[in-house]
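Here is the structure we will look at.
Values below: all heavy atoms of this structure, side chains included; hydrogens, waters and symmetry mates excluded.
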Amino acid sequence: MATELSAAQLIEKHRPTLDRALEAIQTRAYWSPHPEHPKAYGGTDESGRGSLSAGEGQAAFDELRGTRFELSQPGTDDWVGDEVSPYGIELGVLYPHPDIDVLLPAMRAAMPAWREAGPETRALVCMEILARINARTHEFAHAVMHTSGQAFMMALQAGGPHAQDRGLEAVAYAYREQERVPGAASWSKPQGKRDPLHLNKEFTAVPRGIALVIGCNTFPTWNGYPGLFASLATGNPVLVKPHPRAVLPLALTVRVAREVLSEAGFDPNLVALAAERADEGLAKTLAVRPEIRLIDYTGSTAFGDWLEANARQALVFTEKAGVNSVVVDSTDDYKGMLSNLAFSLSLYSGQMCTTPQNILIPRDGIQTDTGPKSYDEVVSDLAGAVDGLLGDEARANALLGAIVNPQVKERVEAAASLGEVALASRAVTHPDFPGATVRTPTIVKADGARKVWESPETDAAYLSECFGPVSFAVAVDSTPEAIELLRHTIRQKGAMTVGAYTTSAEMERLAEEACLEECAQLSLNLTGGVYVNQTAAFSDFHGSGGNPAANAALCDGAFVANRFRTIEVRRQA
């Protein structure tokens, strides 16, 4: 029998953390309530909360394989699923397939009580969901690893506490935006000699309707949680449509959410799963249903554009493809710059929307703390830094993970046809998963002369996203020309991240001005343990919403404020 979760229990357990999250998004200082070290999990903490240890998480994941994933949601008309891990093992999990004509009305019926609960209760219930997910971080890590191809440690951290941080961040923003307007007010207007006018007014944050989260293959939780929790915290039911190759992490999330909602006295149909048959295209069907009023999507530009053009009844939040660039002008830490770039290019085999693709280097070379370096020397030294980083097979596997799908593998294999190869990709054997496809990055030289990228007939490969471990060392005529090419690619293709290395105050100003005008997030002179393709919740913004790569930022007020409207009821006093 389910344990009842009272409002008092939720307040006592989670209100201090909510207050701390509200403070963090205001100060932008480092903070996280979710430990990222694997040894932090297992046993019972001082609050009496238990969490799965490494062994228990592995066992829980193993028990899921080859089973039916029961959710007890209405409208199940079939069982579907054919996930195969990028590491070469079949998961064999079957998920409920929805009859959407049954499921969507059930979700709508759950809305009134959730709306009436108010912003605080909704936020605290969401935080209980996140807390229970956090306690199962080791289980989720295996689910993320074997659907995305991330190496285990990355799956545990990015798919676990970092994703949970992004979810909590969205809850904090949602609560703050809803609380800007008081729940009630007494209004009195003087009328001179006549009696004043008196009204009592009530203000209610009203959800838009059912929200649809369309999951991605590479970061199912990290990219899925912001939209899921932003919509749920603002009163909207959430239908989760995972990527067919990465269902398990989001199915686990839906199961936890439904359990918590039920225990807190709400209809569990506020959160449901929409797994699809092979080649069904369920996302397109759902996206244009009149009940769907919010859509969160991460994936290809083509489908993101389709959603924006066709899901006219919904507010659509998209993160699509972009071309991320790094301008290399000069550096006072050449070794640190190369090390930082090598790690950024290698992490998760470059299968991140924030991975640098184009390294823009003046063809006459750069100034460094070890003397001047020609374009060819910089490219050769960067290739050497990648080789050095990945020379040890165990470390290579821990950083690279597995290639997520055959399309990425084909892209890597075709890279040699795109230009002179400065660093060839090589296969790495995984000691535990011989069926895994593991590839090191490849670097291709390219011509970044203005006449090339300004030509309307250009077919320069570096001007489009080449998702995966493929990057281009682009020779440019000067640093100002590099910044003009940077502007061009952001404006035409978008960018999730921009990096720059320079010891010149003027070049730094030009890079900063370009990113401010083109709305792209900029990292300057990173040479230590922070990388351009990593962002911290509560402090960094992921994307800007101001260029073609994404129309929203994770997370800011704009990401949550339009997921609800404020409705006023006035009464004569």
Side-chain contact test, heavy atoms from C-beta onward, threshold under 4.5 Å: evaluate it for [X] versus [Y] and give yes or no.
X	Y	answer
Ile210	Arg108	yes
Asn533	Asn324	no
Gln58	His138	no
Tyr41	Pro161	yes
His243	Thr298	no
Arg255	Phe69	yes
Arg65	His146	no
Val256	Arg136	yes

Report yes or no: do [X] and [Y] form a side-chain donor-acceptor pair below 3.5 Å?
X	Y	result
His14	Glu128	yes
Asp165	His34	yes
Gln521	Thr535	no

Glu70 atom CD, over 12 foreign heavy atoms within 6.0 Å: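 More than 12 heavy atoms, drawn from other residues, nucleotides or ligands, come within 6.0 Å of this atom.
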Output the distance between atom OH (Tyr95) and atom OG1 (Thr67), rounded to the nearest 0.5 Å.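 Separation between the atoms: 8.0 Å.
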Can you tell me how far CG of Leu18 sits from NZ of Lys13, rounded to the nearest 0.5 angstrom?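 Answer rounded to 0.5 Å: 14.5 Å.
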Heavy-atom pair with the smallest gap, counting every atom of Leu52 and Ala60: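 In terms of heavy atoms, the two residues are closest at CD1-CB, 4.3 Å.
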Lys/Arg-Asp/Glu bridge criterion (N-O < 4.0 Å) met for Arg166, Asp540: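 Here Arg166 does not pair with Asp540 in a salt bridge, since their nearest N and O are not under 4.0 Å apart.
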Side-chain polar contacts of residues 112-125 - donor-acceptor pairs under 3.5 angstrom, sequence neighbours left out - could you list them?
{"residue": "Trp114", "atom": "NE1", "partner": "Leu232", "partner atom": "O", "Å": "2.9"}
{"residue": "Glu120", "atom": "OE2", "partner": "Arg15", "partner atom": "NH1", "Å": "2.8"}
{"residue": "Arg122", "atom": "NE", "partner": "Ala233", "partner atom": "O", "Å": "3.0"}
{"residue": "Arg122", "atom": "NH1", "partner": "Trp114", "partner atom": "O", "Å": "3.0"}
{"residue": "Arg122", "atom": "NH1", "partner": "Arg115", "partner atom": "O", "Å": "3.0"}
{"residue": "Arg122", "atom": "NH2", "partner": "Gln178", "partner atom": "OE1", "Å": "2.5"}

Would you tabulate the side-chain donor-acceptor contacts of residues 221-229 under 3.5 Å, counting partners in other chains and residues two or more places apart, or write 'none'?
{"residue": "Thr221", "atom": "OG1", "partner": "Gly159", "partner atom": "O", "Å": "2.9"}
{"residue": "Asn223", "atom": "ND2", "partner": "Glu319", "partner atom": "OE1", "Å": "3.3"}
{"residue": "Tyr225", "atom": "OH", "partner": "Thr253", "partner atom": "OG1", "Å": "2.7"}

Please output the side-chain donor-acceptor pairs of residues 268-277 that fall under 3.5 Å, not counting sequence neighbours, one pair per line with the distance.
{"residue": "Asn269", "atom": "OD1", "partner": "Arg258", "partner atom": "NH1", "Å": "3.1"}
{"residue": "Asn269", "atom": "OD1", "partner": "Arg258", "partner atom": "NH2", "Å": "3.2"}
{"residue": "Asn269", "atom": "ND2", "partner": "Asp267", "partner atom": "OD1", "Å": "3.2"}
{"residue": "Glu276", "atom": "OE1", "partner": "Gly281", "partner atom": "N", "Å": "3.3"}
{"residue": "Glu276", "atom": "OE1", "partner": "Leu282", "partner atom": "N", "Å": "3.0"}
{"residue": "Glu276", "atom": "OE2", "partner": "Lys241", "partner atom": "NZ", "Å": "2.6"}
{"residue": "Arg277", "atom": "NE", "partner": "Asp78", "partner atom": "OD2", "Å": "3.2"}
{"residue": "Arg277", "atom": "NH1", "partner": "His97", "partner atom": "NE2", "Å": "3.3"}

Tell me whether the centres of the aromatic rings in His542 and Phe559 are closer together than 6.0 Å.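 Ring centroids of His542 and Phe559 are no less than 6.0 Å from each other.
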